[in-house]
Protein chains: 2
Amino acid sequence: MSADRGFAPDPAAEDAPAMSDRESALAHDDKLELRLWLRLLTCSAMIEREVRTRLRERFDITLPRFDLMAQLDRAPGGLTMGELSSRLMVSNGNVTGLADRLVQEGLVAREPEAADRRTFRVRLTSAGKIAFDAMTPVHEGWIEAMLHGLDPQDMASLLALLGRLKRSLKASSDGRIRNAGKE
Amino acid sequence: MSADRGFAPDPAAEDAPAMSDRESALAHDDKLELRLWLRLLTCSAMIEREVRTRLRERFDITLPRFDLMAQLDRAPGGLTMGELSSRLMVSNGNVTGLADRLVQEGLVAREPEAADRRTFRVRLTSAGKIAFDAMTPVHEGWIEAMLHGLDPQDMASLLALLGRLKRSLKASSDGRIRNAGKE
DNA sequence: GGAAATTGTTTTAATTATAAAATAAAGGCC
DNA sequence: GGCCTTTATTTTATAATTAAAACAATTTCC
């Protein structure tokens, strides 16, 4: 390496104007894994932020509520609280609170499960279905526009690489669980 | 398309055991952009969740506090509240609260800025620096382990593709700002 | 059948997060 | 200098989030 590269240029910037985020202050010799994680987080947060803002402005709904409804929309038979919690990757208590508020608003219904009285089955009400159907094409349009700078081949590669990453993460967390208490 | 593909197999699973997340219920004909966004979010959330849990178990610190300290650690001259807010991509009020608690714990110090009395410069105290130095190599080890299933070439490709995505997101949000109020 | 462990959910307390309004200091413009 | 706008931050109110404890129903094991 040449000695005159002592400062750290933003490696993502080819011609982009300044933007400061978590990556900004990384040293040029930081670990590839760390750079990757921070960039992933930045991308994810950028999309999330944008979607959150637009959902509020356009539909006066919060992202977590939309998210929960999206899961229910794709599950015709409804989902239990636990299924919602694991799909959304949030705590049980969080789902309880979100569902409570959506029930109050009449968008979602909780029905007791005949076979197992511990569980509730949650599903969209017809009002919820109507509301969600109005939002989903607009939401998809936002995502498409945000990803417009990627061509289909970029997207396919990215999807595949993220699939590998997901398996790596799963393997790592499975290993941790398997080893729990063995020290 | 053949008619017998009415159910949706998990496109990320090559041989992975069952895992349900936001992607699980996507129809096989859903937009590539949407699949990509949900997979990105899943990966991001998986890492975040793991790091959050381990930081608490191992160092009894929350992820947002660690995150804030990490930014300060890489900024020898300290950062203003606004810089922290934009780097971490969280609201101003959030940074105020986090900084308040870190100051109480003695990990971080706020100093008034001579040149501009509106701003505060926030930096790690020596106690904060010591605490962070103890955490950072362990934290890096966790990330490395989680990404161990990716070879260096995968990581390089992924970093580059996420760089493109980041530019796409930035372009899209710049466009929206430029068009604000022009309707 | 009954004790013990497991599972599904809610509750509780604290933290984190947002958006919007309020405050306050700087800077620009006559 | 004095007004207006912008910028930096805090405050307020509310929502989301977590971890841990509490609860309740189910399953397992004898």
Side-chain angles (χ1 to χ4, degrees), chain A residues 20 41 44-46 48-69 78-105 107-108 110-122, chain B residues 20 41 44-46 48-69 78-105 107-108 110-122:
Chain A
S20 72
L41 180 56
S44 186
M46 286 174 80
E48 195 171 317
R49 203 172 170 63
E50 189 73 24
V51 171
R52 179 192 305 279
T53 303
R54 295 198 190 194
L55 280 174
R56 180 180 37 75
E57 288 174 354
R58 175 80 182 263
F59 297 114
D60 193 31
I61 193 177
T62 66
L63 178 53
R65 290 173 208 206
F66 176 85
D67 233 12
L68 197 156
M69 290 176 76
L79 292 172
T80 66
M81 300 298 280
E83 282 169 338
L84 278 170
S85 165
S86 69
R87 289 193 185 201
L88 298 174
M89 290 192 278
V90 298
S91 67
N92 283 341
N94 188 5
V95 173
T96 298
L98 285 170
D100 283 350
R101 281 171 237 126
L102 286 167
V103 167
Q104 278 188 337
E105 295 169 23
L107 299 170
V108 144
R110 254 187 183 123
E111 328 173 333
E113 183 84 300
D116 185 339
R117 280 183 305 172
R118 292 171 303 178
T119 73
F120 291 95
R121 196 147 283 271
V122 184
Chain B
S20 71
L41 180 55
S44 186
M46 286 174 81
E48 196 172 316
R49 203 173 171 61
E50 188 73 23
V51 171
R52 180 192 305 278
T53 302
R54 295 197 189 196
L55 280 174
R56 181 180 37 75
E57 288 175 354
R58 176 81 182 263
F59 296 115
D60 194 31
I61 193 177
T62 65
L63 178 52
R65 291 174 207 204
F66 176 85
D67 233 11
L68 196 156
M69 290 176 76
L79 293 171
T80 66
M81 299 298 280
E83 282 169 337
L84 278 170
S85 167
S86 69
R87 289 192 185 202
L88 297 173
M89 290 192 279
V90 298
S91 66
N92 284 340
N94 188 5
V95 174
T96 299
L98 284 169
D100 283 350
R101 281 171 235 123
L102 286 167
V103 167
Q104 278 187 337
E105 295 169 23
L107 298 170
V108 144
R110 256 187 182 123
E111 327 172 333
E113 183 84 300
D116 186 338
R117 280 183 305 171
R118 291 171 304 178
T119 73
F120 291 95
R121 196 148 284 269
V122 184

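The sequence lines fix the lettering, A, B, ..., with proteins before strands; numbering per chain opens at 1.
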Within this structure, what is the [atom1]-to-[atom2] distance between [X] and [N], rounded to whole angstrom?
X	N	atom1	atom2	value
B/Leu79	D/dA8	CG	P	14 Å
A/Arg117	C/dT9	CZ	C1'	15 Å
B/Asn94	D/dT17	CG	P	13 Å
B/Asn92	D/dT7	CG	P	13 Å
A/Leu98	C/dA17	CG	P	16 Å
B/Leu84	C/dA17	CG	C1'	16 Å
B/Asp67	C/dA17	CG	P	8 Å
A/Asp60	C/dT18	CG	P	18 Å

Give [X] one of three labels, base, sugar-phosphate or nothing, depending on what nucleic acid heavy atoms sit under 4.0 Å from its own.
X	value
A/Thr62	sugar-phosphate
A/Ser85	nothing
B/Leu63	nothing
B/Thr119	sugar-phosphate
A/Arg56	sugar-phosphate
A/Asp116	sugar-phosphate
A/Arg110	sugar-phosphate

Does A/Glu48 or B/Phe120 map to a spot on DNA chain D nearer the 5' end, using the closest nucleotide for each?
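Per heavy-atom nearest nucleotide, the more 5' residue is B/Phe120.
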With respect to the side chain of A/Thr53, which nucleotide from C/dT16, D/dT17, C/dA19 is positioned closest?
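Of the options given, the side chain of A/Thr53 lies nearest C/dA19.
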From D/dT10, D/dA15, C/dA25, nucleotide with atom closest to B/Arg118 side chain
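The answer is C/dA25, which lies nearest to the side chain.
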Look at the side-chain N and O atoms of A/Arg49 and state whether any lies under 4.0 Å from the OP1 or OP2 oxygen of C/dA17.
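For C/dA17, OP1/OP2 do not have a side-chain N/O of A/Arg49 under 4.0 Å.
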Indicate yes or no: at least one non-hydrogen side-chain atom of B/Met69 is less than 4.5 angstrom from one of B/Ile61.
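Side-chain contact under 4.5 Å: yes.
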Any donor and acceptor pair, going by atom type alone, linking the side chain of [X] with main-chain N or O of [Y] inside 3.5 Å?
X	Y	answer
B/Arg121	B/Glu113	no
A/Ser44	B/Ser44	no
A/Arg110	A/Phe120	no

Let me know, please, whether A/Gly97 or A/Arg52 comes out on the 5' side of the other along DNA chain C by nearest nucleotide.
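Mapping each residue to its closest nucleotide by heavy atoms, the 5'-most match is A/Gly97.
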Report the residue from A/Asn94, A/Thr96, A/Asn92 that forms a side chain to side chain donor-acceptor pair (under 3.5 Å) with A/Ser85.
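The single option meeting the side chain to side chain donor-acceptor pair (under 3.5 Å) with A/Ser85 is A/Asn92.
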